[in-house]
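Since the structure comes first, as structure tokens, the remarks are kept for the end.
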Amino acid sequence: MPDFRGVPFAVIIGLVGAAILHLITILWLPDFTGRDAFTRVIAEGDFYQFHPLSDQPDAAGLANGDPFLSEAVCGFDAADGPVRLQAMGDLPFWSLAVYDSDSNEVFSINDRTSSGGVMDVVLATPVDLASIRKELPEDFAKSILVEMPVSDGYAVLRAMAPMPSYGPLARAFLQEARCTVTRPA
């Protein structure tokens, strides 16, 4: 016949352990709140502007982690209107990744997959995108149209500088990149 005298003790120990774990989690929660990528990107500064990242973490905690890539981020809200991301430059490589506010990748492109190496992407809500497609404006004719599942998000633009001599070119590419709310003409 099995002896079950230790079962109540094990249950009590399990409940006390679970209570302690939940208490610790609740007390640590404020430390984790606001540390997601979207919150850090919007802490960089104004929406609709690419903010170049430095090699050292800034006040928002973002940094350029690769010595061969220069990076810039832009926060946006497509509810304000379609967001147009544009950049041009003769670099060995560039890439753009667009994320929603939950850091789910919505779209990505690079110089190899773009038309002529030019970055021209329009991000819009489903309603705005349907309106744009209905009568495609001439200034959007060569743009890549992307539907945003949620209106707010951020874009990460990377420019490769495989040698130090490419550094100024990569930084200029990021400085001249545009992230703007636009209405078709």
Side-chain angles (χ1 to χ4, degrees), residues 34-54 58 60-66 69-161 166 169-185:
R35 290 191 180 176
D36 64 314
F38 181 67
T39 304
R40 289 179 182 196
V41 169
I42 61 174
E44 286 294 318
D46 296 333
F47 269 23
Y48 314 112
Q49 177 181 344
F50 275 107
H51 300 279
L53 302 179
S54 67
D58 57 17
L62 295 176
N64 183 17
D66 189 327
L69 289 175
S70 295
E71 297 176 320
V73 295
C74 172
F76 61 83
D77 187 352
D80 295 337
V83 177
R84 193 168 194 179
L85 307 172
Q86 295 176 296
M88 294 172 65
D90 188 22
L91 294 171
F93 177 80
W94 61 260
S95 71
L96 171 74
V98 178
Y99 301 89
D100 65 15
S101 57
D102 290 329
S103 298
N104 297 311
E105 187 172 12
V106 175
F107 177 78
S108 65
I109 191 171
N110 62 47
D111 63 322
R112 309 299 194 275
T113 57
S114 69
S115 177
V118 175
M119 184 183 83
D120 188 1
V121 176
V122 175
L123 310 170
T125 62
V127 172
D128 283 342
L129 201 55
S131 175
I132 291 169
R133 286 185 172 141
K134 187 175 180 180
E135 291 184 34
L136 187 63
E138 189 172 324
D139 61 330
F140 284 6
K142 293 187 178 183
S143 300
I144 297 171
L145 305 177
V146 178
E147 182 176 315
M148 289 296 296
V150 295
S151 63
D152 50 355
Y154 61 98
V156 179
L157 181 59
R158 295 176 180 95
M160 180 178 259
Y166 282 97
L169 197 62
R171 286 188 293 278
F173 176 80
L174 296 177
Q175 289 289 341
E176 294 170 10
R178 293 186 306 209
C179 175
T180 56
V181 175
T182 185
R183 287 286 174 196

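These numbers were taken from a predicted model, which means no experiment stands behind them.
- In this structure Ala159 satisfies the side-chain contact (heavy atoms from CB on, under 4.5 Å) test together with Leu91, Ala170, Phe173, Leu174, sequence neighbours excluded.
- Between Ile109 and Thr113, the closest heavy-atom pair is CG1-OG1, 3.3 Å.
- Interatomic distance, Ile42 CD1 to Ser101 OG, rounded to the nearest 0.5 Å: 9.5 Å.
- Rounding to the nearest 0.5 Å places CG of Leu53 at 11.5 Å from CG of Leu69.
- When all heavy atoms of Ser143 and Val122 are compared, the closest pair comes out as CB-CG2, 3.7 Å.
- The minimum heavy-atom distance linking Gly81 with Asp128 is given by the pair CA-OD2, 4.0 Å.
- Here the side chains of Leu145 and Leu136 are in contact, with some heavy-atom distance below 4.5 Å.
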After noting the C-alpha distance and the side-chain angles of Tyr48 and Phe76, does the key distance pass the ring pair (Phe, Tyr, Trp, His ring centres under 6.0 Å) rule? CA-CA 6 Å; Tyr48 314 112; Phe76 61 83; 7.5 Å; no
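- At least one side-chain heavy atom of Val98 sits less than 4.5 Å from a side-chain heavy atom of Leu123.
- Expressed to the nearest 0.5 Å, how far CD of Glu176 lies from CZ of Arg171 amounts to 13.0 Å.
- Between Leu96 and Ala155, the closest heavy-atom pair is CD1-CB, 3.9 Å.
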Decide side chain to side chain contact (heavy atoms under 4.5 Å, CB included) for Leu85 and Phe50; before the verdict, give the C-alpha distance in whole Å, the side-chain angles of both, and the deciding distance to 0.1 Å. CA-CA 9 Å; Leu85 307 172; Phe50 275 107; 4.1 Å; yes
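- Contact annotation: the side chain of Arg112 approaches that of Phe93 to within less than 4.5 Å [non-hydrogen atoms, C-beta and beyond].
- Distance check, rounded to the nearest 0.5 Å: OH of Tyr99 to CG of Asn104 gives 10.5 Å.
- Between Asp120 and Arg84 the shortest side-chain heavy-atom distance falls below 4.5 Å.
- The side-chain heavy atoms of Asp66 and Glu71, taken from C-beta on, include no pair separated by under 4.5 Å.
- Taking all atoms of both residues into account, the shortest heavy-atom contact from Val41 to Gly75 is CG1-N, 3.8 Å.
- Side-chain atoms of Met119 and Leu157, non-hydrogen and from C-beta on, do get closer than 4.5 Å to each other.
- Residue Phe107 places its CZ atom among more than 12 non-hydrogen atoms of other residues, nucleotides or ligands, all under 6.0 Å distant.
- Here His51 contributes atom NE2 and Cys74 contributes atom SG; the two are 6.5 Å apart, rounded to the nearest 0.5 Å.
- The two atoms that bring Ala37 and Tyr154 nearest to each other are CB-OH, 3.3 Å, heavy atoms only.
- Here the OG1 atom belonging to Thr125 is positioned 12.0 Å from the CG atom belonging to Asp152, to the nearest 0.5 angstrom.
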